[in-house]
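Encoded as structure tokens, the structure appears first; notes follow it.
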Amino acid sequence: MRRRFGTAGLDLLDTDPSESVTLSQAVQSSTEEGARPDLDGEAGVLFGAMTGSVVGLRYYTGVVNKREMVSLVREPHNPYDRNAVMVANVYGNQVGHIKKELAAPMAYIMDNNLAKIEGVVPYGKTNKFSMSVTLFFWGEEENRAAVTTKLNHCGFKSAKAPGSSLQEMLSKNLVAAVPLTAEQMKNSFDKMFDDLMADKTREMEAADAVFTPLLPHQKQALYWMAARENNDHLPPFWEQKGDLYVNVLTNFGVKQRPERVLGGILADDMGLGKTLTTIALIMSNFHDGRPLLLDKADQKASSSLLKRRRKDPIKTEKGSEPYGLNRHLVFTPLSDMDIFTTVFLGADSRISTARATLIICPLSVLSNWLDQFEQHVRFGENLSVYLYYGTERCRDHNFLSRQDVVLTTYNVLSADYGNKESSPLHKVSWLRVVLDEGHVVRNPNAQQTKAVLDLSSERRWILSGTPIQNSLKDLWVLMAFLKLKPFDVKEWWNRVIQRPVTQGDRESLKNLQALIKGITLRRTKTSKVAGKSVVELPQKKMFVQRVTLSEEERQEYDLAKTEGQKVIGRYVTEGTVLTNYADVLAILVRLRQICCHPGLLGSYARVSSAPSDLQERLISKIRLVLSCGSDEECAICLDSLRQPVITYCAHVFCRPCICEVIRSEQERAKCPLCRAHINTKELVEYPGDKETGTSTSGKEKWRSSSKVDALMGRLLQVHGEDPAVKSLVVSQFTRFLTLLETPLRQHGFTFTRLDGSMNQRSRVKAIAEFQDSSPSSPSIMLLSLTAGGVGLNLTAASRVFMMDPSWNPAAEDQCVDRCHRLGQTRDVIITKFIVKNSVEEDMMRIQLNKKELMEKTFGSKSVQDQRQSRIEEIKTMMAL
DNA sequence: ACCGCCGGGTGCC
DNA sequence: ACCGCCGGGTGCC
């Protein structure tokens with residue numbers, strides 16, 4: 001019989017050996033069946049349950065219903081008892097306190113993080129002065145003993161056994177008889193975001209002001225979005241019962257109608273036109289389902305402005321105005337003719353206008369938004385779009401609220417939020433807030449997240465092709481942003497959805513699916529509308545071209561490999577692979593570089609001569625990671641590294657990002673990647689690359705490599721077959737891209753380049769040049785694998801040359817999709833160069849395994865496990 | 001009576 | 001709280 005928790009013997013205090021299942025047996029079986037502790041320590045296993053009492057009800061206003069969930073909050077500064085534990089309902093209103101005798105052990109357990117304690121009130125309402133509460137103790141297995149003994153010592157050994165109603169409750173609501181396997185769960189997740197087409201086929205025409213005709217699936221999205229914004233329904237899982245609005249998951253009830261959720265997630269695949277659809281929404285659903293009222297501009301005036309913008313010399317450095325204009329992108333603002341009055345909301349001094357839409361996006365897609373507004377909004381419509389970016393940005397919130405659209409980046413939003421008093425974005429009540437590439441907001445502790453969650457608006461949208469980036473956890477921030485009560489409070493999300501779902505509870509999974517379904521629209525490139533594909537895209541074909549190293553290269557490779565084997569072999573015998581993980585990765589980077597071009601190796605890349613000083617070792621590691629031009633991203637902000645620092649555990653982040661983590665978690669701060677303890681003193685800076693790198697390569701005699709030769713052969717062939725065909729040449733190593741410039745010039749190719757180090761101005765220029773179809777335009781783009789966001793549109797190219805494999809197959813797919821997207825007219829042919837008998841072949845194989853493995857263990861692999869399996873991979877690769 | 005008993009005041013932490 | 005607990009009033013039958 002498969003049973004996770006027995007219903008009998010669940011009580012912590014049960015001492016009767018004749019019971020069929022004792023607590024320890026029950027919990028043991030639960031761990032055997034793989035109830036894995038959550039990384040955040042938010043879940044773990046159920047130690048048991050007991051009944052306690054809540055007192056002091058009459059002093060507080062918070063009320064609870066039968067079977068309602070309550071939260072238990074420590075009050076260490078309570079003047080009467082430093083052990084005080086407060087009981088609050090789902091909206092955070094205090095209900096009472098835990099009786100002091102019980103509060104004592106609970107305070108100990110909670111303060112020492114031995115268990116998470118959750119409460120459910122079995123019979124609410126009729127209680128006037130005190131009531132009982134069922135307490136559930138969840139924690140890591142290793143803390144079980146400490147929890148039980150503490151409770152026993154405080155005299156809770158012989159407390160009353162739970163009544164039948166508790167047992168019933170456990171068996172019904174909290175225990176899945178047979179938990180889902182990881183594979184079943186993964187399938188359900190896939191399905192969750194796949195099957196969202198049903199009943200979403202009604203179409204809406206865009207307002208006249210939208211110039212570009214919408215495709216059928218875009219009209220459907222527009223209809224759906226407008227309907228979401230105009231809906232008057234109760235949010236998911238809320239029902240009206242008598243004079244109360246009750247949340248059926250938490251059993252929480254309120255008199256006041258819960259806030260409407262006027263928005264959701266537009267999760268269409270990239271290339272389906274999320275940007276255009278959003279623009280159409282802005283233009284077509286202003287108020288009462290009517291279009292945005294615009295002044296007709298003087299045609300001459302606007303056209304001259306438009307021209308000026310196009311010609312404006314773009315004069316700025318990274319970090320300042322990307323367009324040299326901090327004025328209205330399209331036209332002048334409406335003066336004082338707003339049709340809605342400005343309302344002051346008192347203390348909060350937030351100013352409400354119902355006019356402006358705020359759009360927040362990654363820097364990489366900023367220009368895409370501007371372009372699309374210009375492209376899709378009918379010429380002569382007086383739409384005011386203000387680009388809130390650059391040092392000269394206008395910080396007057398009254399001015400901002402009068403715009404039709406304010407466009408900014410996550411970084412600007414977050415920087416403003418840092419000095420909160422002066423953040424104009426947080427003083428406006430927006431008509432609508434749109435998070436583009438919304439999945440980039442997912443770290444609950446990041447300042448960026450707080451800045452996003454603290455925006456004020458009724459209509460809230462998330463645009464993202466991949467709402468779940470890694471695990472279910474990523475969804476919390478999105479739910480919080482959408483103000484889906486009660487899931488905007490993490491405890492309720494964890495308790496009601498995240499934990500039960502990750503532990504395989506079917507009921508909760510169904511709830512999650514229903515929740516997502518209600519607020520998400522998703523179409524993939526293969527989705528059908530009335531039997532016809534939403535998007536007809538040309539074919540995509542992938543070839544692997546195996547490259548044989550020259551004898552000289554082979555010797556160099558083998559030498560490096562033998563050397564690496566020695567070093568890694570030693571770590572393996574010592575069992576210190578984990579502590580030297582960064583060294584190991586460095587060795588692999590070195591081998592991968594030799595496969596591309598021996599010249600990629602700097603003299604500093606000598607890992608084996610490890611300096612004794614930790615500081616120096618870390619510096620050499622960070623330099624190795626960054627100086628080869630590998631376009632690393634910060635795991636916190638997911639953008640390119642700014643002011644890179646390395647932790648003692650050898651992980652690299654932006655200094656501001658990691659400092660924010662340390663600031664918010666104080667001495668409990670842990671490395672976001674490996675959970676090692678970190679503090680501000682133990683951050684080592686990257687001193688910058690002392691060598692002037694690329695300038696030397698020009699002087700030295702040019703030397704080719706087998707892979708370069710293979711590429712040049714292909715490029716010449718492509719050019720010979722059809723000179724109009726353009727190619728992307730992709731590498732993770734920007735220095736490799738630099739090396740490739742020489743042979744490209746030699747062969748007379750015109751090319752352009754796009755990598756993470758370029759400022760916005762030169763990016764825009766590079767993209768525009770490449771996308772241009774005139775005969776003199778560049779036919780090749782040197783592209784760093786992770787440059788730009790998903791919005792990057794390089795449809796001028798139909799050939800892709802992947803120069804080196806990545807650990808992350810998704811990054812490769814995403815890169816290819818920059819040209820294999822709406823607007824592509826040719827079949828896309830991808831050529832991957834892989835060096836025979838090398839680490840590159842191993843990486844290819846591992847990529848395949850990884851895809852399979854991902855399918856089997858969705859979201860259940862810890863960082864530690866992932867590292868462990870990476871070690872196994874490394875051992876195989878190094879033939880150890 | 002350094003007790004018992006009565007009945008009013010009172011009540012979380 | 002239709003309880004417990006506290007502390008003042010009170011004191012044979």
Side-chain angles (χ1 to χ4, degrees), chain A residues 11-13 41-42 47-139 143 146-166 169 244 246-247 250-256 486 489-492 494-495 666 668:
Chain A
D11 189 23
L12 266 188
L13 326 154
E42 278 161 358
F47 294 162
M50 62 175 285
T51 303
S53 54
V54 186
V55 293
L57 302 193
R58 66 164 157 151
Y59 298 96
Y60 308 100
T61 51
V63 285
V64 282
N65 291 312
K66 197 176 171 181
R67 291 193 174 181
E68 183 170 325
M69 296 184 179
V70 290
S71 67
L72 304 159
V73 185
R74 276 283 286 127
E75 271 185 349
H77 300 300
N78 187 300
Y80 302 95
D81 181 3
R82 57 189 180 80
N83 290 326
V85 177
M86 186 252 260
V87 180
N89 68 20
V90 174
Y91 268 16
N93 301 323
Q94 180 160 9
V95 174
H97 279 107
I98 293 289
K99 195 178 149 85
K100 61 178 182 293
E101 294 78 6
L102 178 56
M106 278 175 63
Y108 175 84
I109 290 165
M110 291 166 88
D111 294 348
N112 293 296
N113 236 336
L114 298 173
K116 191 138 188 77
I117 310 174
E118 296 178 353
V120 175
V121 177
Y123 340 89
K125 273 192 175 151
T126 51
N127 307 294
K128 245 185 175 158
F129 303 97
S130 69
M131 64 183 174
S132 63
V133 58
T134 311
L135 302 168
F136 299 89
F137 293 74
W138 296 86
N143 295 323
V147 171
T148 359
T149 40
K150 186 67 193 178
L151 285 166
N152 289 347
H153 278 181
C154 292
F156 289 94
K157 193 168 187 169
S158 55
K160 211 172 67 180
S164 60
S165 71
L166 170 63
M169 176 165 53
L244 278 186
V246 177
N247 182 292
T250 59
N251 283 320
F252 174 65
V254 255
K255 286 234 169 71
Q256 210 181 352
V489 174
K490 209 149 147 225
E491 170 172 1
W492 302 112
N494 285 341
R495 242 179 105 164
Q666 298 290 328
R668 288 190 307 184

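Each chain gets a letter, A, B and so on, in the order its sequence line appears, and its residues count up from 1.
Comparing dC5(C) with dT10(C), their P atoms are spaced 25 Å from each other, to the whole Å. Taking atom P on both dG8(C) and dC13(C), the two are 25 Å apart, rounded to the nearest angstrom. The separation of dG4(C) from dG11(B), taken at their C1' atoms, amounts to 10 Å, rounded to a whole angstrom.
Between the side chain of Tyr59(A) and the base of dC13(B) there is no donor-acceptor pair of N/O atoms closer than 3.5 Å. Contact of Asn78(A) with dC13(B) (side chain to base): a donor-acceptor pair of N or O atoms is detected under 3.5 Å.
To the nearest angstrom, P of dC13(B) lies 15 Å from CG of Leu72(A). At whole-Å resolution of the value, CE in Met131(A) and P in dA1(C) are 16 Å apart. Note: CG (Asp81(A)) to P (dC13(B)) measures 8 Å, nearest angstrom. Going from atom CG of Asn83(A) over to atom P of dC13(B) covers 12 Å, rounded to whole Å. The distance from atom CD of Glu101(A) to atom C1' of dC12(B) is 11 Å, rounded to the nearest whole Å. Residue Leu102(A) contributes atom CG, which lies 11 Å from atom P of dC13(B) at whole-angstrom precision. Whole-Å rounding puts the Arg58(A) CZ to dC13(B) C1' distance at 13 Å.
No engagement by Lys128(A) is indicated, since no non-hydrogen atom pair under 4.0 Å with the nucleic acid exists. At a threshold of 4.0 angstrom between heavy atoms, the contacts of Leu57(A) with the nucleic acid are absent.
Note that the CD1 atom of Ile109(A) and the NZ atom of Lys150(A) stand 8.0 Å from one another [nearest 0.5 Å].
In this structure, the aromatic ring of Phe129(A) is positioned over the six-membered ring of the base of dA1(C), centres within 5.5 Å and planes within 30°.
Looking at Leu72(A) and Val87(A), their side chains come closer than 4.5 Å, going by heavy atoms from C-beta outward.
Nucleotide dC2(B) forms a pair with no other nucleotide shown, judged by Watson-Crick or G-U wobble geometry with both contacts under 3.5 Å.
Considering only residues two or more places apart in sequence or on other chains, Tyr108(A) meets the ring pair (Phe, Tyr, Trp, His ring centres under 6.0 Å) condition with none of them. Listed by chain and residue number, Arg74(A) satisfy the salt bridge (charged side-chain N to carboxylate O under 4.0 Å, His left out) test with Asp111(A) (two or more places apart in sequence, or in another chain).
The aromatic rings of Phe252(A) and Tyr91(A) sit tilted, their planes meeting at an angle between 30° and 60°.
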